[in-house]
**Q** 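Before I ask anything, let me first share the structure, which is written out below as structure tokens.
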Amino acid sequence: MPRRIEGKFDGSGLKIAIVASRFNSFVVDHLVEGALDVLVRHGVEDEDITVYKCPGAWELPAVTARVLANDGADAVLALGAVIRGGTPHFEYVCAEATKGLATLTMDSKVPLGFGLLTCDTIEQAIERSGTKAGNLGSTAALSALEMVDLYRAVAEGGRER
Ligand code: INI
């Protein structure tokens with residue numbers, strides 16, 4: 001039988017930081033609420049969660065980098081929403097925000113939950129922030145909890161715990 005090493009979803013004792021952008025806040029606020037709901041229901045204490053707000057998705061990587069360096073969180077979630085407009089602006093914001101966060105993920109010792117919506121329409125963003133297509137904030141939070149435990153298991157050489 002192969003050994004299977006998977007992360008568990010236990011937030012007790014964990015310190016979590018959320019970096020959320022304010023642009024399209026009518027969507028992002030729901031991502032933050034979804035993330036908080038998952039964290040608290042998995043045992044993270046309210047006082048162990050810090051929410052940092054930044055202007056837009058463009059700023060997410062730079063703020064997240066500083067939070068990773070200074071907050072001491074066991075996991076960081078980056079939440080935002082980029083919605084296509086009439087110019088190529090959307091493409092640049094999406095590309096740089098996702099690239100920046102992907103680079104941080106690879107370099108970080110702690111997991112970084114990716115909760116950045118990149119949508120063609122406002123309807124798509126609403127669907128993915130707590131209505132019929134789920135809530136990407138909740139997904140990012142749940143994945144981060146799993147990854148905290150998985151990183152610890154891997155750091156222990158993949159030993160069963
Ligand atoms: N920021 C977003 O988070 N979402 C968007 O949809 C968006 N659009 O489309 O313009 C957006 N732009 C702002 C950008 O992230 C920066 O905050 C701004 O350019 C100031 O640096």
Side-chain angles (χ1 to χ4, degrees), residues 7 9 11 14-42 44-151:
F9 300 94
L14 297 185
K15 187 177 171 199
I16 308 290
I18 298 175
V19 184
S21 46
R22 240 180 281 109
F23 205 104
N24 295 321
S25 62
F26 72 100
V27 171
V28 183
D29 287 350
H30 290 289
L31 300 179
V32 173
E33 288 313 313
L36 292 174
D37 178 59
V38 164
L39 294 174
V40 170
R41 283 196 291 119
H42 286 80
V44 183
E45 299 290 341
D46 272 333
E47 58 268 26
D48 289 329
I49 305 172
T50 306
V51 181
Y52 297 87
K53 289 291 192 89
C54 67
W58 173 266
E59 283 79 18
L60 281 176
V63 178
T64 301
R66 285 155 179 79
V67 170
L68 284 168
N70 297 300
D71 182 272
D74 296 295
V76 179
L77 313 179
L79 308 180
V82 194
I83 302 174
R84 190 183 292 280
T87 72
H89 187 73
F90 165 92
E91 319 280 355
Y92 294 108
V93 174
C94 286
E96 295 313 312
T98 54
K99 198 174 354 136
L101 293 171
T103 302
L104 291 174
T105 299
M106 295 307 293
D107 293 341
S108 172
K109 285 197 166 42
V110 302
L112 171 55
F114 182 70
L116 176 63
L117 287 171
T118 55
C119 299
D120 287 326
T121 65
I122 288 173
E123 287 71 22
Q124 287 177 350
I126 291 169
E127 284 170 5
R128 289 158 180 75
S129 56
T131 58
K132 67 181 182 186
N135 183 320
L136 190 62
S138 309
T139 305
L142 200 56
S143 300
L145 291 179
E146 180 178 347
M147 294 293 277
V148 168
D149 198 51
L150 181 59
Y151 279 19

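Counting convention: from 1, in listed order, for ligands and their atoms alike.
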**Q** Could you tell me the residue and atom name of the protein heavy atom closest to atom 3 (O) of ligand 1, and the distance to it rounded to 0.1 Å?
**A** A57 N, 2.8 Å
**Q** Can you confirm whether F26 is buried at CZ, in the sense that more than 12 heavy atoms of other residues, nucleotides or ligands lie under 6.0 Å from that atom?
**A** yes
**Q** Is a donor on one side and an acceptor on the other found under 3.5 Å between the side chain of D74 and the backbone of K15?
**A**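 Checked: pair present.
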**Q** Look only at the side chain of N24 and the backbone of V27, and say whether a donor-acceptor pair between them is shorter than 3.5 Å.
**A**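 The answer is no, because no donor-acceptor pair under 3.5 Å joins these two groups.
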**Q** If I apply the N/O under 3.5 Å rule, does F23 come out as touching ligand 1?
**A**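 So ligand 1 has no N or O lying under 3.5 Å from an N or O of F23.
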**Q** What is the closest protein heavy atom to atom 15 (O) of ligand 1, and at what distance does it sit?
**A**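 Looking only at protein heavy atoms, the one closest to atom 15 (O) of ligand 1 is W58 N, 3.0 Å.
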**Q** Would you say the side-chain atoms of N70 pair up with the backbone N or O of R66, donor to acceptor, closer than 3.5 Å?
**A**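 Checking the backbone N and O of R66 against the side chain of N70, a donor-acceptor pair under 3.5 Å is found.
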**Q** Treating S129 as the side-chain partner and H30 as the backbone partner, does any N or O pair qualify as donor plus acceptor under 3.5 Å?
**A**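 Here the side-chain-to-backbone pair does not exist.
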**Q** Numbering the atoms of ligand 1 from 1, which are under 4.0 Å from a heavy atom of N24?
**A** 4 (N), 5 (C), 6 (O)
**Q** Does R84 come within less than 4.0 Å of E91, counting only side-chain N to carboxylate O?
**A**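 Yes.
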**Q** Within the structure, does P55 bring an N/O atom to less than 3.5 angstrom of an N/O atom in ligand 1?
**A**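 Checking ligand 1 against P55, no N or O pair falls under 3.5 Å apart.
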**Q** Could you list which atoms of ligand 1 come closer than 4.0 Å to a heavy atom of I83?
**A**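 Listed by number with element, the hits are 6 (O), 9 (O).
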**Q** Is there a nitrogen or oxygen of E59 sitting under 3.5 Å from a nitrogen or oxygen of ligand 1?
**A** yes
**Q** Heavy atoms only: which of H89, E96, R84 lies closest to atom 10 (O) of ligand 1?
**A**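 The residue whose heavy atom sits nearest atom 10 (O) of ligand 1 is H89.
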**Q** Please list, in number order, the atoms of ligand 1 under 4.0 Å from a heavy atom of A81.
**A**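 Counting from 1, the qualifying ligand atoms are 2 (C), 3 (O), 4 (N), 5 (C), 6 (O).
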**Q** Kindly give the heavy-atom pair with the smallest separation between L101 and P61, and that separation in Å.
**A** CD2-CA, 4.0 Å
